[in-house]
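To start, the structure under review is shown below, and the notes come after it.
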Amino acid sequence: MSSLTTDTIFALSSAPGRAGVSVFRLSGPGAGEVLSALTRRPLPAPRMAALRPIYNDAVNNGGGKIDEPLVLWFPAPKSFTGEDCAELHLHGSPAVIEAAARALMDLGLRQAEPGEFTRRAVENGKMDLTEAEGLADLIDAETEGQRQQAIRQMGGGLRDLYEGWREQLLDALAQIEGEIDFADEADVPDALSHAAYPILSGVSAAMDEAISHVERGRAVRGGIEIAIIGPPNAGKSTLMNQLAGRDVAITSEIAGTTRDVVEAQLRLGGLPVTLLDTAGLREAEDVIEAEGVRRALARAETADRRIHVFRGSEGFVNHKCIENRQKCDILFVNSAEGETPAKPEFEGHICYGNALSGAGIDGLLAYLEADIVENFAPMEAAGLTRERHKDCVLRALKDVQSSGSLLSDSPELASEHIRSALMALEELAGRADIEQVFDRIFSRFCIGK
Ligand SMILES: Nc1nc2c(ncn2[C@@H]2O[C@H](COP(=O)(O)OP(=O)(O)O)[C@@H](O)[C@H]2O)c(=O)[nH]1
Ligand SMILES: [Mg+2]
């Protein structure tokens, strides 16, 4: 798995530009030598901050002095990456950053790729992949919920979860193997193989439960999308503006006004919500409107919720493409005051109001908020937060279930399935041979992490 990390890398770990302090990080076997050369002094005591001017011979005025940073020396293995590491806390000006980077390159160091420090930490066993992902989420966190979820995952919450499953699967495996090895010996009880059964069903239930909550983890990380759909002139854009509390979308009595998907951000139940206003669903009159309708349907398909809008004075036409997920959707009946429209055929929640006057909007918002809190709010415990996690656990779950059903007839096959489930958990941990997964995950980190 590990690429040979024999070179020494550096990166500006703080944001570029003018600041009180800028931090450079170094990692690799040459870190100590380079720190000595830069400071023209022996290394400071490990993990103790020391004020040490740094120099570059190529700088010919001021005796080659670049700046007077605090430096820190973290000898392997007690460092972030597990390698020899050093930090330079310099003054944060573009010129100092430039001169320090020049000096590090002159000493033979290479600029780190995005996420390369964290990748080395995972490869050296300082953290597993789920903890690294938690760290990436923490750096990206904008809401309190995101911060809480990320810090839990970074602290090993998800690792504890799958390590628990792994232990139990190893127990089950031992039980089954015991039966296979001693199959001919009379003193091995018949029920031995079945001792694995309750273990397997327990793990299977726990995995199933974790998978059922992945939407929460995903929603906390990425927010949720609510698409507003319906026929032209139903009042979709007017409703969007009401919900967003400002004029984001153009409204008019000309059918086909909205073509592109218009987005508005709001916060509901503590989660970031993206409202999507879409083109009216009808047989389009030109290619541009047709493209608008196609985009509307595509976004509505993948959105977490849809608000179907129609005029109370007209009949509600259920849109076939997205009927199958309507249980969790909302129908907004846009009706004039005094009008009492017939109850439409709709599986989800029905809300009556008037988009133009704003009647019923508070009720709609309150419903959405309660729905989000109930279905998407973060869990107390650590759970799955990414498609990648769901994919691994789903594969493990299928194997655990197959194993359980093969237990009596074919213990050999049952144990093969447990091994395969364990492999899927290794992949979740980032311990399997998954170079491509690593490339994909770490390339999304920022430089210097
Ligand atoms: N009377 C009345 N007019 C509305 C209502 N909602 C929207 N409209 C008007 O109907 C027209 C179409 O509304 P719009 O929001 O653009 O519809 P969209 O095509 O579904 O986005 C505009 O002139 C709106 O002012 C409503 O609840 N009552
Ligand atoms: Mg519109």
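Atoms within each ligand, like the ligands themselves, are counted from 1 in listed order. Quick caveat, the model's predicted, so the values are computed rather than measured. Numbering starts at 1 and runs along the sequence shown.
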Arg431/Glu163 ion pair, N-O < 4.0 Å: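 Salt bridge present between Arg431 and Glu163.
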Find all atoms of ligand 1 within a distance of less than 4.0 Å from any non-hydrogen atom belonging to Ala355, and give their numbers and elements.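 In order of number, 6 (N), 27 (O).
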Ligand-side contact atoms (ligand 1) for residue partner Ser237, heavy atom cut-off under 4.0 Å: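 Listed by number with element: 15 (O), 18 (P), 21 (O).
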To the nearest 0.5 Å, what is the distance between [atom1] ([X]) and [atom2] ([Y])?
{"X": "Leu173", "Y": "Gln168", "atom1": "CG", "atom2": "CD", "value": "13.5 Å"}
{"X": "Arg47", "Y": "Ser79", "atom1": "CZ", "atom2": "OG", "value": "9.5 Å"}
{"X": "Arg388", "Y": "Glu427", "atom1": "CZ", "atom2": "CD", "value": "7.0 Å"}
{"X": "Thr251", "Y": "Gln242", "atom1": "OG1", "atom2": "CD", "value": "10.5 Å"}
{"X": "Glu131", "Y": "Leu138", "atom1": "CD", "atom2": "CG", "value": "13.0 Å"}

Looking only at N/O atoms, are [X] and ligand 1 under 3.5 Å apart anywhere?
{"X": "Ile250", "result": "no"}
{"X": "Ser252", "result": "yes"}
{"X": "Ala234", "result": "yes"}
{"X": "Thr238", "result": "yes"}

Nearest neighbour in protein (non-hydrogen) for [atom]:
{"atom": "atom 17 (O) of ligand 1", "result": "Gly235 N, 3.2 Å"}
{"atom": "atom 9 (C) of ligand 1", "result": "Arg311 NH2, 3.4 Å"}
{"atom": "atom 6 (N) of ligand 1", "result": "Asn334 ND2, 3.3 Å"}
{"atom": "atom 28 (N) of ligand 1", "result": "Asn354 ND2, 3.6 Å"}
{"atom": "atom 19 (O) of ligand 1", "result": "Asn233 N, 2.8 Å"}

Taking 4.0 Å as the limit for heavy-atom contacts, which would you say applies to Leu356 with ligand 1: side chain only, backbone only, both, or neither?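 Under 4.0 Å from ligand 1, Leu356 contributes backbone and side-chain atoms.
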Glu83 side chain to Ser27 side chain, donor-acceptor N/O pair below 3.5 angstrom: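 There is such a pair (donor and acceptor under 3.5 Å, judged by atom type) between the side chains of Glu83 and Ser27.
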Do Gln149 and Thr385 get their side chains close enough for a donor-acceptor pair, meaning under 3.5 Å?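 Judged by distance alone, the side chains do not pair up.
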Determine, using heavy atoms of Thr257 and all atoms of ligand 1, whether some pair is separated by less than 4.0 Å.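 Contact check Thr257 vs ligand 1: negative.
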For the residue pair Tyr367 and His349, does the interplanar ring angle fall in the parallel (under 30°), tilted (30 to 60°) or perpendicular (over 60°) class?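 The arrangement is parallel - the two ring planes meet at less than 30°.
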Please state whether the separation between the Mg ion (ligand 2) and some N/O/S atom of Thr257 is under 2.8 Å?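 No.
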As a test of understanding, state which of Leu109, Val71, Leu90, Ile54 forms a side chain to side chain contact (heavy atoms under 4.5 Å, CB included) with Phe24.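 So the option named by the test is Leu90.
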Angle subtended at the Mg ion (ligand 2) by OG of Ser237 and OG1 of Thr258, to 10 degrees?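 The angle at the Mg ion (ligand 2) comes to 90°, rounded to the nearest 10°.
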